Amino acid sequence: MPDDIVPTTTAPKPAPLDKKAYKSDQEVRWCPGCGDYSILNAVQQLLAQLGVPRHQLCFVSGIGCSSRFPYYMNTYGLHSIHGRAPAFATAIKTANPELQVWIATGDGDGLSIGGNHMLHLLRRNIDVKVLLFNNQIYGLTKGQYSPTSPPGLKTKTSPMGSVDRAVDPIRFALGCGATFIARTIDTHQKHMLAVLEAAAKHKGTAFVEIFQNCVIFNDGCFDEVIERSVRDDKTVDLIPGKPLVYGKQLDKGIKIDAAEARVVAPAEATSWDPSTRSAAAAFVLSEMAEQPGSPTPIGIFRSIQSPTFDEGMNKQVQAAVAKRGPGKLQDLIWSGDKWDVK
Amino acid sequence: MPDDIVPTTTAPKPAPLDKKAYKSDQEVRWCPGCGDYSILNAVQQLLAQLGVPRHQLCFVSGIGCSSRFPYYMNTYGLHSIHGRAPAFATAIKTANPELQVWIATGDGDGLSIGGNHMLHLLRRNIDVKVLLFNNQIYGLTKGQYSPTSPPGLKTKTSPMGSVDRAVDPIRFALGCGATFIARTIDTHQKHMLAVLEAAAKHKGTAFVEIFQNCVIFNDGCFDEVIERSVRDDKTVDLIPGKPLVYGKQLDKGIKIDAAEARVVAPAEATSWDPSTRSAAAAFVLSEMAEQPGSPTPIGIFRSIQSPTFDEGMNKQVQAAVAKRGPGKLQDLIWSGDKWDVK
Amino acid sequence: MPQSTSELPLQLIDSVVIRFAGDSGDGMQITGSQFTHTAALFGNDLATFPDFPAEIRAPAGTQPGVSGFQIRFASSDIHTPGDAPDVLVAMNPAALAVNIKDLKPGGIVIVNTGQFGDSDLAKARLTSNPLKDHSLDAYRVIEIDINKRVIEALAGSTLSPKEVQRCKNFYTLGLMYWLYNRDMEPTLKWLAEKFAKEPAMVEANQKALRAGFNAGDIQELFQGRFEVPKCDVLPPGTYRNIMGNQALSMGLVAGAELAGLKIFIGSYPITPASPILESLAGYKQFGVLSMQAEDEIAAVCAAIGGSYAGHLGVTSTSGPGLALKQEGIGLAIAIELPLVIVNVQRGGPSTGLPTKTEQADLLQAIFGRNSEAWLPVIACATPSDSFDCAVEACRIAVQYMTPVILLSDGYIANGSEPWRLPKLEELKSFPARFRTEVENFLPYDRNADLARPWVKPGTVGLEHRVGGLEKAHLTGHISYDAENHEFMVNMRAAKVMKVRDSIPTPKVEGPARGEVLLLGWGSTYGSIWGAQEMLAEQGIEVARMHLRHVWPLPHGLDEIFARYKTVLVPEMNLGQLVRVLRGEFPQRNFVSYPKVQGLPFRVHELVAKVKSLLGR
Amino acid sequence: MPQSTSELPLQLIDSVVIRFAGDSGDGMQITGSQFTHTAALFGNDLATFPDFPAEIRAPAGTQPGVSGFQIRFASSDIHTPGDAPDVLVAMNPAALAVNIKDLKPGGIVIVNTGQFGDSDLAKARLTSNPLKDHSLDAYRVIEIDINKRVIEALAGSTLSPKEVQRCKNFYTLGLMYWLYNRDMEPTLKWLAEKFAKEPAMVEANQKALRAGFNAGDIQELFQGRFEVPKCDVLPPGTYRNIMGNQALSMGLVAGAELAGLKIFIGSYPITPASPILESLAGYKQFGVLSMQAEDEIAAVCAAIGGSYAGHLGVTSTSGPGLALKQEGIGLAIAIELPLVIVNVQRGGPSTGLPTKTEQADLLQAIFGRNSEAWLPVIACATPSDSFDCAVEACRIAVQYMTPVILLSDGYIANGSEPWRLPKLEELKSFPARFRTEVENFLPYDRNADLARPWVKPGTVGLEHRVGGLEKAHLTGHISYDAENHEFMVNMRAAKVMKVRDSIPTPKVEGPARGEVLLLGWGSTYGSIWGAQEMLAEQGIEVARMHLRHVWPLPHGLDEIFARYKTVLVPEMNLGQLVRVLRGEFPQRNFVSYPKVQGLPFRVHELVAKVKSLLGR
Ligand SMILES: Cc1ncc(C[n+]2csc(CCOP(=O)(O)OP(=O)(O)O)c2C)c(N)n1
Ligand SMILES: Cc1ncc(C[n+]2csc(CCOP(=O)(O)OP(=O)(O)O)c2C)c(N)n1
Ligand code: SF4
Ligand code: SF4
Ligand SMILES: [Mg+2]
Ligand SMILES: [Mg+2]
């Protein structure tokens, strides 16, 4: 047996870091004005705030403008293939549980080609954080519609308007049984930081949809909701334990009732609890924006505790070792019924 | 231009058919006692009832025991590759809108390898009917756990119990925005017939989960719910317009309230409407079985009208022809700026 | 139609190569395309080669962010966009640094000095200013502060300063029009149409264009002007300029029409193949059903479903996408349905160099599926040849009930050249026949081409089932029988080999026997032809031949190969065709000349290789 | 340890081939395995060949539903499960009809007449009863109503009539034990363990076994009994019987241990590869992390993720699954991480013949990815060789930081043979080295093997990014540079070719030069060896050689091939290795001998082929 193997590095004592430390030496290659910049900024700031050592971080992505993210983080990073980041991340976290693993993905990468892996990541509840950059378009391939594009959108591949119904990432994640689901906005740094912090602290898959502006191919696609002048009236922030109130003057509230959510006076608003056994209230909220006159919920839709796959896997290994003793090659090979030839 | 092309057959006058007419001449190769037989039987009976001409039917499947279905139907049939039936079916229906297209798939085929195509089929609302044979196991590959297997299930690939959280097909379909969602039971022919009839008549993707018993690798996995002696007490049938009552004596009801569903007296039961704008009530019901003491809903969870992709596509073609005239090859080739060389 | 009455001498030349280079935001692709458009309308022969980064707007001023467009236009029949530019237009230091090494010695380099500040040099990671360090001494450097000139020209415009700067490329274009004595009209018209909804933009860009043109006259930047006369040596006919992806898309529509079918295209965007899906999505008046699928697997499966339903199934992709489609293609082979799989090759492996060209998917196309899963593979030689190849792919698919892989590459896809428009009468139809006769119907019966019958679901009385399990000969029932399996494996292969009976032996150009046969496939066509011509000029006669059908290989090749001491095969890969050839013609002598730089072969490289082979 | 004191003569013979055949529900696989187990413990050399339908329980009594298990056991060193059975056990008419043509002329056929009613004949689609129509006249037919015998034997049992009938196979087994004078003990013990929780089952099956055994004695069915002595000519050592998938799984665990790594296997079930995932899922005490992924793509990506994280990534599949993994494998090539991809080949194309064997994924393994994406490919020769090959695949993957494809096939995977157990000291370790030194760290630097450093994420100071875009030499930064790309393409290929420096030239067995070299790879090993022996018996000396490393090919082959007039290559495909060989050794003379029937070569077929080649 080889015992001359170089050991893995043992627990390090990291120096405290500032935001800049998380910037890699690579030139950022996004278009000027792209919403991706502010997401990168928020993540770097958050990690500095939380003081996560760089070497314990791993960013995994697929392909797309958004998926270039790992190159710009001075951490471990894997820019993989289109749509498959969840599969890589699942293994990385399971094989190396001490890492904090983040996925950067786009609406095309994560919900078109990668929809299946996203489903299985969410249901398995791998302890990774997902940043879904939703710009309702394929950026890197120069402007085709995506699964989140609104029906009717005219793009290069839908010159007469898309006939696809859009998928709602939040509802999809709920349907997949995700344990943490949130939504935030590229231009709303404060909100993004708060949501990302909650995501970072969640144990299990934290799924965060980020409204992200593609200045080149779908500029302003969220403006009706997120434009600064209307944002407070057009969004409602889901803050655990807080009433669902919104509006510039916090003059409106949301009441969830009989499997419907409706706009009410602030005093009547439901106090938000994303950790109920049932995800139904979150589901109701996820549908709300489609009702005329209702705000778009942002913030934390869902946050529950549930066993994670990566931990489950490792526990089984420990249990097997505890029960059968650490596997010995000799025993393995020399198992079964044998006979001798002299 | 070729004008000597053999024309497609024009609208036929089909002779009325009986159930036997839908049976192909191929020997059915499922295990004796497999739940698949009763599904095959119900489908054949339904089609005879509805009098759908055989040549207008097309059954598409992936790979798995359940996916052998098309071979046993004396209609058009395509036994394709693992997980991809939705993609084939989408094109078949779009290119040949007069066909009634059915998909036969398994929990592995449709929700493991094929989860992404299922998502996109459901959101695009292709006018096809999906029969999801859920036996919570991989049958054809001899008994590995599937995405619907309960956590902890011991199978060949999970000797210490599966650590995967299960996906709930109904909730998944809701999250994907499906327009028709139902559940039925292999051993409950009457119910299955009613549900399949509603599915057949739905315009858009009709998603039907069928609890199906695999006698060889997962025998009795649904017995707690569907065994004849407990079935009436352990299931509640979602019948549009009918109150949600259940129990052998119809002595119990379900009330949906404040985004929760609870057991009440029959008189208080909610009258079921699967066609509300919001899918939240269906979502609430889809979670209910997990509550101890609550019945498992079967029947129609969701049934709404929404444009179908196949129709949308064909309408665009018609609109383009109407606007630009039928495409002429000459015009296409001789378009753009030209010059002559003498 | 020379527009200017400049006093400067007008020098007639046969061929010019210009390369425009700048930031990805500088509009170099538009500049190049407009110059191309004008040259085409003027009647030059031409060839273009755009070259851009994988990012949408790579960081301004950096070397990886440089976007280039090379055009060669000529009065003679040319075959490539040229080995080395005569003129380089460099909009910033990065563009200069990246491209200068390619410029012909003594060539003209036009530099926008307005972008040569210290920070610009730093962005380009240059430690010294090439305008000052004598590194450009070997060239004729023309320095213009285009930034400033554009501001002056557009003084009083309502556009923002940023928008004004975006007109720089048209200033540059104007200057080039002056230098080569070109008509501005086509571009003025194009601008008017393109920005029809933004009159201020039309005006500003037109002004910039004119200002650039006038600058040539007024500012005495150049010692002379050049004129490249019309090309009259092309075969007579009506021409238009066409890009490879465009021609290929049109060819698919034409192929379907010639078969009497409608297209169902299932596709997933990927560089450099996306424009094919985009074009077909715009051809709905031809009955094209275009589906942007959720991924490549769904795309190919949908295309097969389209064929199953009675349409002509098409799917388009690039290398990594082809890998994903292979399982589905295997099914199409097993159920024997027509299908056209377009693969526009790009640099790899993996994501590789997505905007660069390569020919390294040949073996994946021929062999990259499980088991013995044979299909015909054909390859486009030039942008306009893509039309004919697409028609041919449709023909083979329909006639033989088989998937066909059609290979293009980034160089062909984005490049352009004049296309002699075919007359409809020249296009031979190959009508698809759908079986409707009920009597004696056997789903796996075969005709003389070994093709099985195609039945549209919906046809009364022909209900049957197909699928990927091995099928019994004739009946198509599931069969695990050993002999039947071997029979079917051989039958499927034989059907593919049968395609040879319907294709010609390619013509040899040049000596019928001798030392060297230059053998090409795909986009090496032009470079090889150019090399043959250049060698001939140097007194070295070599033969050349080009393969459109790369699998199965046409009849008659062995006899041809036998007549040359060496068959030299230049490929933008590590020698993939050579492997195929050695497998088929073990007695012949093939020499591989690989180049894997994401760039096409230069004529000079080929010439040098042939000479070294001949010991000259 | 002969158990019976039968009066009948005991005839010594060297080797016997028995085929058990019945419905998929008849337990033929268990019967065969038990006979195998007993023969192994007795000390025979042996080889087995199970053959079953793609359905779990195909319809009872039908020909497609027949499941078979062939075993050859011998006192000499044998290499195949035999061309033709000496004894056929046919549990019903379908089993008889499907298998009788393979039986040796004059062979024994044991027929269960209890299953030969009219309806049974009809299910098997037989129009006449073979027991009556003289079609079996060439064989020695033993008729027994096994249905009835079992009922009699189990009279009084608490089992249901259906359960009683399920004991038929043990009755049959007992009869065979008697005929070949075998000890029933191992099977009695196995039954006791297997049904520990169902004592009634233990008793019934044991009774049935004994009843079958006794029937031999009592019922005078046979004229004599046979004895196949122990095989003493095998190399000395401790042996166990092993199936290919089992050996391969153990080899992976051993390979990981020898590298000092833990395994991460990401896999998706598929016949005939599923047992590998299943075995590894049971080896958790070795630290194996086993993930049943949602599909093959996720499986390979997870395996790569495992390697990225510092485990040994493994994924296992069969043909269609390999096609799906190719894009991911391309990434592993680009980011240069160790990875073992096991591909257990099966009949194709598409779903094909999922439970039958084939060798037709060779070209897909070597070439089936986009662009120039090279990797080493090795192939198992026999069930026990799968252990060594798995270790070797791990070694190459770790030493060269590369994905490796390990090819097995259905014949090897499900077949079994005695395995001489290696001593731990015989296994050479190849410790993986994880880089931890921060100084001078360059992610794409290389060692003498051209391997780049492997860094476990979590290591302080070595944070870096990898991905599928082309990487600059040394730094690993994204690079679209033309020369760097060519350099890297060549470097990756060179690294794969470098594997040759660590592998031996395979040994030639037989004459060092001459007319014919029989060259094999994969599971043709035994048949070729058998053919060589049979030819030698007939006075024809031919050489043979076997390739474990099919890509890159070992050093020294050309010199060897040059020494033979013909290199004859039998393959269960249409000549895939021959294509590879011609590409590499254009001067040598390769003759392909293809067989694509979902079945291994028979020794006789090879012998006939060689003779016809030699004109004998
Ligand atoms: C297998 C494969 N298919 C297709 C592509 C081409 N491709 C690259 S990125 C992309 C979509 C990007 O969209 P999204 O994920 O929304 O990211 P964005 O660029 O908008 O951030 C596509 C289709 C690819 N790289 N690989
Ligand atoms: C690409 C591919 N991967 C894997 C397989 C093997 N396979 C065949 S069926 C199946 C799963 C079947 O499970 P399910 O869909 O639940 O169908 P069931 O047999 O239970 O009806 C698998 C993994 C395959 N045929 N093709
Ligand atoms: S194309 Fe859009 S998403 Fe991509 S970098 Fe540019 S602005 Fe951002
Ligand atoms: S294995 Fe299970 S699902 Fe498959 S046919 Fe048998 S009983 Fe049915
Ligand atoms: Mg996007
Ligand atoms: Mg199943």
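Just so it is clear, the values below take in all heavy atoms, side chains as well, and ignore hydrogens, waters and symmetry mates. Note that the structure is a prediction, hence the values are computed from the model and not measured. The chains referred to below are lettered A, B, ... by the order of the sequence lines, with proteins before strands, and numbering in each begins at 1.
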Tell me, out of Ala87(B), Gly327(B), Pro70(B), Gly325(B), who's got the most heavy-atom pairs with chain C below 4.5 Å. Gly327(B)

Residue part contacting chain C, namely of Lys342(B), when any heavy atom lies under 4.5 Å: backbone

Inter-residue atom distance Lys423(C).NZ - Gln330(B).CD, 0.5 Å rounding: 9.5 Å

Pairs of heavy atoms under 4.5 Å with chain C: top-ranked of Ile63(B), Asn116(B), Leu78(B), Leu57(B): Leu78(B)

Using 30° and 60° as the class limits, which term best fits the ring planes of Trp339(B) and Tyr239(C): parallel, tilted or perpendicular? parallel

Only pairs of heavy atoms separated by less than 4.5 Å count here; which of Ala95(B), Ser61(B), Pro326(B) has the most with chain C? Ala95(B)

So which part of Gln26(B) gets closer than 4.5 Å to some heavy atom of chain C, the side chain, the backbone, both or neither? side chain

Tell me, do Ile81(B) and Cys301(C) make a side-chain contact under 4.5 Å, heavy atoms counted? yes

Closest approach of Tyr308(C) to Cys58(B) (non-hydrogen atoms, all atoms of both residues): CE2-SG, 3.7 Å

Where does Arg123(B) contact chain C at under 4.5 Å (heavy atoms): side chain, backbone, both or neither? neither

Using heavy-atom distances under 4.5 Å, tell me whether Lys328(B) contacts chain C through its side chain, its backbone, both, or neither. backbone

Side chains of Tyr76(B) and Leu462(C): closer than 4.5 Å at any heavy-atom pair? yes

Tell me which of these, Gly251(C), Ala247(C), Pro186(C), Ser290(C), has more heavy-atom pairs under 4.5 Å with chain B than the rest. Ser290(C)

Decide, yes or no, whether a salt bridge links Arg124(B) with Glu294(C) under the criterion of side-chain N to carboxylate O below 4.0 Å. yes

Against chain C, work out which of Thr94(B), Leu99(B), Thr75(B), Thr90(B) has the most heavy-atom pairs shorter than 4.5 Å and name it. Thr75(B)

Lys284(C) and Ala320(B): which non-hydrogen atoms are nearest, and at how many Å? CB-CB, 3.5 Å

Give, as side chain, backbone, both or neither, the part of Ile333(B) having an atom under 4.5 angstrom from any heavy atom of chain C. both

Looking at side-chain heavy atoms only, is the closest gap between Thr459(C) and His55(B) below 4.5 Å? no

Heavy-atom distance under 4.5 Å to chain C: side chain of Ser80(B), backbone, both or neither? both

Can you tell me if Ser335(B) and Arg240(C) form a side-chain donor-acceptor pair at under 3.5 Å? yes

Do you know which of Ile92(B), Leu119(B), Val321(B) has the most heavy-atom pairs under 4.5 Å to chain C? Ile92(B)

Below 4.5 Å, heavy atoms only, C-beta onward: do Leu331(C) and Phe88(B) meet side chain to side chain? yes

I want to check something: taking the side chain as every heavy atom from C-beta on, are His117(B) and Asp295(C) in contact at a cut-off of under 4.5 Å? yes

